[in-house]
Amino acid sequence: MKSIEVKGTARTIAERSSEQARALKAIRKNNGVPCVLYGGKEIVHFTVTNEGLRNLVYTPHIYVVDLVIDGKKYNAIMKDIQFHPVKDNILHVDFYEIDEAKPIVMEVPVQLEGLAEGVKAGGKLSLQMRKLKVKALYNVIPERLVVNVSHLGLGKTVKVGELNYEGLELLNAKDAVVCAVKLTRAARGAAAAAAANS
């Protein structure tokens, strides 16, 4: 997995909720994003600029985050992100500190590989799940999960339970469909014509 550096500034949390709300509003007004780092010995509240998060958030890739907060370094992953419901700007990000000895849970992009038999027969390949949730030590999590679809015939699917990756535990439902070759009108017509001629 690739790594990316994100720099932040520590912030203190006000005791009263009204003061907290005012502080968060001021951070966002000044182009900052309130963030929290969990999972380690301490919970760290900090602020990152919108620009500082851009390459981490607006990308199809997944990263280990080299967090630098006031010069102190942490190894982390982005755990959760909240967007404004209307403006779509980032409101809040949760990071989770990585322990090399403990497995983490992360969503990993799926990449389809090969030309499916069903596509050759006129079907259409459809990716139903763009990401799969995995549990593993962070250093064995790949950048993407490759699914070979060469064997996939018309009307056939690949389910989570059929996939297996070394060192990874897949947490999605076993019967969830990852990808499928759907019958198109052309494929149905060809199949009907073949049946009529046989």
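Residue indices begin at 1 and follow the sequence shown.
Counting only distance, with no hydrogens or angles, the side chain of N148 and the backbone of S150 share a donor-acceptor pair below 3.5 Å. A donor-acceptor pair under 3.5 Å is formed between the side chain of Y165 and the backbone N or O of V146. Using a distance-only test at 3.5 Å, with no hydrogens or angles considered, no donor-acceptor pair links the side chain of R11 to the main chain of V44.
Under a hydrophobic-cluster definition in which Ile, Leu, Val, Met, Phe, Trp and Tyr are linked whenever side-chain heavy atoms come within less than 4.5 Å, directly or via other members, M106 and I4 are assigned to different clusters. Both V181 and L115 are assigned to one and the same hydrophobic cluster, defined by single-linkage of ILVMFWY side chains at heavy-atom distances under 4.5 Å. Using a 4.5 Å cut-off between side-chain heavy atoms of Ile, Leu, Val, Met, Phe, Trp and Tyr, with links allowed through other members, V147 and V119 fall into the same hydrophobic cluster. A continuous path of ILVMFWY side-chain contacts below 4.5 Å connects V48 to M78, so both sit in one hydrophobic cluster. In this structure, L112 is a member of the same hydrophobic cluster as L163, with clusters built from ILVMFWY side-chain heavy atoms closer than 4.5 Å.
The minimum heavy-atom distance linking R144 with V108 is given by the pair CA-CG1, 3.7 Å. Residues V57 and F83 share a closest heavy-atom pair of CG1-CZ, 3.8 Å. Nearest approach of Y58 to I90, heavy atoms of both residues: OH-CG1, 3.8 Å. Scanning both residues, P109 and E143, for their nearest heavy atoms gives CD-O, 3.4 Å. The nearest pair of heavy atoms linking K102 to L137 is C-CD2, 3.6 Å. Nearest heavy-atom pair, L154 versus A121, reported as atom, atom and distance to 0.1 Å: CD1-CB, 3.8 Å.
Note: F95 CZ to D80 CG = 11.0 Å, rounded to the nearest 0.5 Å. A distance of 10.5 Å separates CG of N75 from CG of D99, quoted to the nearest 0.5 Å. Taking CD of E169 as the start and NZ of K133 as the end, the distance is 12.0 Å to the nearest 0.5 Å. A distance of 6.0 Å separates OH of Y138 from CD1 of I98, quoted to the nearest 0.5 Å. Atom CD1 of I27 sits about 4.0 Å away from atom OG1 of T47, to the nearest 0.5 Å. Put simply, OG1 on T49 and CZ on R54 are 9.0 Å apart, with the number rounded to the nearest 0.5 Å.
Other residues, nucleotides and ligands place more than 12 heavy atoms under 6.0 Å from the CD atom of E51. More than 12 heavy atoms of other shown residues, nucleotides or ligands fall within 6.0 angstrom of atom NZ in K79.
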Report the C-alpha distance between I43 and L37 in whole Å, list the side-chain angles of each, state the deciding distance to 0.1 Å, and finish with yes or no for side chain to side chain contact (heavy atoms under 4.5 Å, CB included). CA-CA 6 Å; I43 293 174; L37 175 66; over 6 Å; no
Go through the steps to decide whether L67 and F46 satisfy the test side chain to side chain contact (heavy atoms under 4.5 Å, CB included), and finish with yes or no. CA-CA 11 Å; L67 264 184; F46 61 103; 3.8 Å; yes
Working for side chain to side chain contact (heavy atoms under 4.5 Å, CB included), residues V134 and L145: CA-CA 10 Å; V134 306; L145 298 170; 4.0 Å; yes
Take I62 and M1, measure what side chain to side chain contact (heavy atoms under 4.5 Å, CB included) needs, and give me the verdict at the end. CA-CA 7 Å; I62 56 171; M1 212 180 349; 3.8 Å; yes
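Using a 4.5 Å cut-off on side-chain heavy atoms (C-beta onward), T157 and Q128 make no contact. The shortest side-chain heavy-atom distance between I69 and T9 does not fall under the 4.5 Å cut-off. With contacts defined as side-chain heavy-atom distances shorter than 4.5 Å, the pair L127/V110 qualifies.
Using a 4.0 Å cut-off between charged nitrogen and carboxylate oxygen, E162 and K159 do not count as a salt-bridge pair. Contact check on K135 versus E107 returns no salt bridge, with no Lys/Arg side-chain nitrogen under 4.0 Å from an Asp/Glu carboxylate oxygen.
Using modelled atom types, one finds no donor on one side chain facing an acceptor on the other under 3.5 Å when comparing E5 with S3.
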